[in-house]
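Here the structure comes first, spelled out in structure tokens, and everything after it is commentary.
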Amino acid sequence: MDIKPATQRPELLFEVSWEVCNKIGGIYTVLSTKAKTLQKISKDTTVFIGPDVWSEANPSPWFTECNVTGLSKWSKNAQLPEGVSVRVGRWEIPGRPIAVLVKFDGMYAVKDEFYGEMWERFGVDSLHAYGDYDEGCAFAHAAGIVIESIILSGYGQASPATAEAPRRGRKKKVMPTIVAHFDEWTTGMGLLYLKWKMPRVATVFTTHATSIGRSICGNNKPLYDYMSGYNGDQMARELNMEAKHSLEKAAAHQADAFTTVSEITASECEQLLERRPDVVTPNGFEKNFVPAASKFDAARAEARASLIKTANALTGAGYDDNAFIVITGGRCEYRNKGLDVYLDMASALRNMDACRKIIAYVMVPAWSKEPRADLQQRISADTTPETPLEEPVLTHWLNNPDSDAVICRTRSLGFCNIDPRVTVIYVPCYLNGSDGIFNRSYYDLLIGADATVFPSYYEPWGYTPLESVAFGVPTVTTSLSGFGQWVLETSQNYFEECGVNVIGRGDSNYHDVVSNIAHAIQYLTCTDSRTMARIRKAAMDTAAKASWAQFIKYYDEAYSIALSNASKRI
């Protein structure tokens, strides 16, 4: 399908993120799936810039260093600060966009001087910085210098020249329209550097989740009932978040266009950052990860077999293919991602009349130590055990089993005592194909589920439920997720219509949420095969509505606003 932007697009676009060629979170999914659509619109006019945190012994599996016309020549001759170096190549994702990885160690030596400059110019208060603040800022500072160097080298300028220089009659190259797009507070210093050094460059800043909003929720404070009473600066001082909040707020105010990913986060930005985003840019998805129709059923069968075999090896419960498999996943944020709700929902199902036995998987990376050797032996033996293993709810041993919130709650709910009606299994590791138990990626297992549940309390967008419906797996999420709100705005809220059930959630209805989600899963366990086929198709149709082909227009609007504002400044 041809994709034609409705508004002005930049002739050269830089996008900077800590997650370029660095798969650690949801922003990686945003950028890596969006890239294919950007390439379709205008091939190789987007340059992604990410951190070079790799080595020869541990290379990035997502980056290939190779020749890129113009950029490779620049990289060999670039006059960069000591301790800053670059590698030019391709991001190994659909569309294979241009990527530049930046080594930024040299920026630590000038950190204090740079922080002082940012305080004087933009009021960024780095005095109380700690943790990953210096690392993010060092990378962003280096990324800004790299963008400046690329532009000054003439990369992207129109050739052959079409504009006449005045008086002399000689032709000169035409400077392109340029947008530099920065994602999340970790890149904010790069935006401010360009605003200082290269004001002709239009800037876009996207906050995918405000640092102070996430912190409020992570500290078990009610965000939504008291939103109108919160002051971002005051809460930053209270929660020791001054540096990150100050940087994020400055980047939001200095950007030529400010965006976020959902209406719920736009309201949060307006209250806590004191600027309403210019555009809401919902996160799209590409179905490149979904097997083709000819391979879909086989992939689903293999995933189900793996999930059921592991459950049987752990529990000895003798589940067959009729078992109902439900999964939750994502970042390991116990309250924010609703892991507490999920476990209580699984417990509630033990007292309900489900029509199938239920295996409830919790797939969130935690501080895992190693895959269980006893579980590996049972899986490789290819027999059906009749007795459970010790701690039959855990696939990998943990370094901190007595302080991990998920395993502690699982134990307290009694799931270590096998009840074949409902089994909870905790997978506390990254599912990247080499975990030692499944040796499959998360997507390779997701396709085998009968349903997913993502009962988030704090979820600016919500890729996990969108990924689920892309695989035809019906999902339950909440009205506090951006994706859930989008579903409520665009569809009828029931499984047969959209493959999604959005549960209303606030600060004061925890137990109702648990009960409502449990009833939704009970309903699915009793659904006949014909109805389930309709639900799975409806889920895939919903995913199609959320493709990048549909959502890229919002980015085009943001780029157009940024270019317009930059032109006024120049």
Can you check whether [Y]'s main-chain N or O pairs, donor with acceptor, with [X]'s side chain at less than 3.5 Å?
| X | Y | result |
| --- | --- | --- |
| Glu19 | Tyr28 | yes |
| Arg378 | Ala373 | no |
| Ser262 | Gly482 | no |
| Asn399 | Ser368 | yes |
| Ser215 | Ser211 | no |

Side-chain donor-acceptor distances from residues 79-89 under 3.5 Å, at least two apart:
{"unit_1": "Gln79", "atom_1": "NE2", "unit_2": "Asn77", "atom_2": "O", "d": "3.4"}
{"unit_1": "Arg87", "atom_1": "NE", "unit_2": "Asp52", "atom_2": "OD2", "d": "3.0"}
{"unit_1": "Arg87", "atom_1": "NH2", "unit_2": "Asp52", "atom_2": "OD1", "d": "3.0"}

Ignoring hydrogens, what is the shortest heavy-atom contact between Thr210 and Tyr458? Give both atom names and the distance.
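Distance-wise, the nearest heavy atoms are N-OH, 3.3 Å.
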
If you take all heavy atoms of Glu135 and Tyr108, which pair is closest and at what distance?
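Heavy-atom minimum between the residues: CA-OH, 3.4 Å.
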
With Arg214, the side-chain hydrogen bond (donor to acceptor under 3.5 Å, both in side chains) member among His208, Glu333, Glu268
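Per the side-chain hydrogen bond (donor to acceptor under 3.5 Å, both in side chains) rule, the option paired with Arg214 is Glu333, out of His208, Glu333, Glu268.
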
Where does the angle between the aromatic ring planes of Trp461 and Phe551 fall among parallel (under 30°), tilted (30 to 60°) and perpendicular (over 60°)?
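Because their plane-to-plane angle is over 60°, the rings of Trp461 and Phe551 count as perpendicular.
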
Angle between ring planes, Tyr555 versus Tyr559, binned at 30° and 60°: parallel, tilted or perpendicular?
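The arrangement is tilted - the two ring planes meet at 30° to 60°.
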
Tell me every residue that passes side chain to side chain contact (heavy atoms under 4.5 Å, CB included) with Ala202, counting only those two or more places apart in sequence or in another chain.
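For Ala202 the side chain to side chain contact (heavy atoms under 4.5 Å, CB included) partners, ignoring immediate neighbours, are Val179, Asp256, Ala562, Leu563, Ala566.
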
Is there a side chain to side chain donor-acceptor pair (under 3.5 Å) between Ser456 and Ser481? Walk through the geometry before answering.
CA-CA 6 Å; Ser456 301; Ser481 73; over 6 Å; no

Check the surroundings of atom NZ in Lys369: do more than 12 heavy atoms from other residues, nucleotides or ligands lie under 6.0 Å from it?
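Open.
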
With a 4.0 Å cut-off on N to O distance, would you call [X] and [Y] a salt bridge?
| X | Y | value |
| --- | --- | --- |
| Lys244 | Glu248 | no |
| Asp556 | Arg9 | yes |
| Asp44 | Arg90 | yes |
| Glu391 | Arg372 | no |
| Lys553 | Glu557 | no |

For the pair Thr46 and Gln39, evaluate side chain to side chain donor-acceptor pair (under 3.5 Å) and give the outcome as yes or no after the intermediate values.
CA-CA 8 Å; Thr46 299; Gln39 286 286 70; 5.8 Å; no

Do Thr207 and Thr260 have a side chain donor and acceptor closer than 3.5 Å?
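No, because no side-chain N or O of Thr207 sits under 3.5 Å from a partner of the opposite role on Thr260.
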
Distance-only side-chain donor-acceptor flag, Tyr426 / Asp404, under 3.5 Å:
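Looking only at side-chain atoms, Asp404 and Tyr426 do form a donor-acceptor pair, the distance falling under 3.5 Å.
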
Is there a side-chain contact between Thr328 and Met363, using heavy atoms and a 4.5 Å cut-off?
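Result no, sub-4.5 Å side-chain heavy-atom pair not found.
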
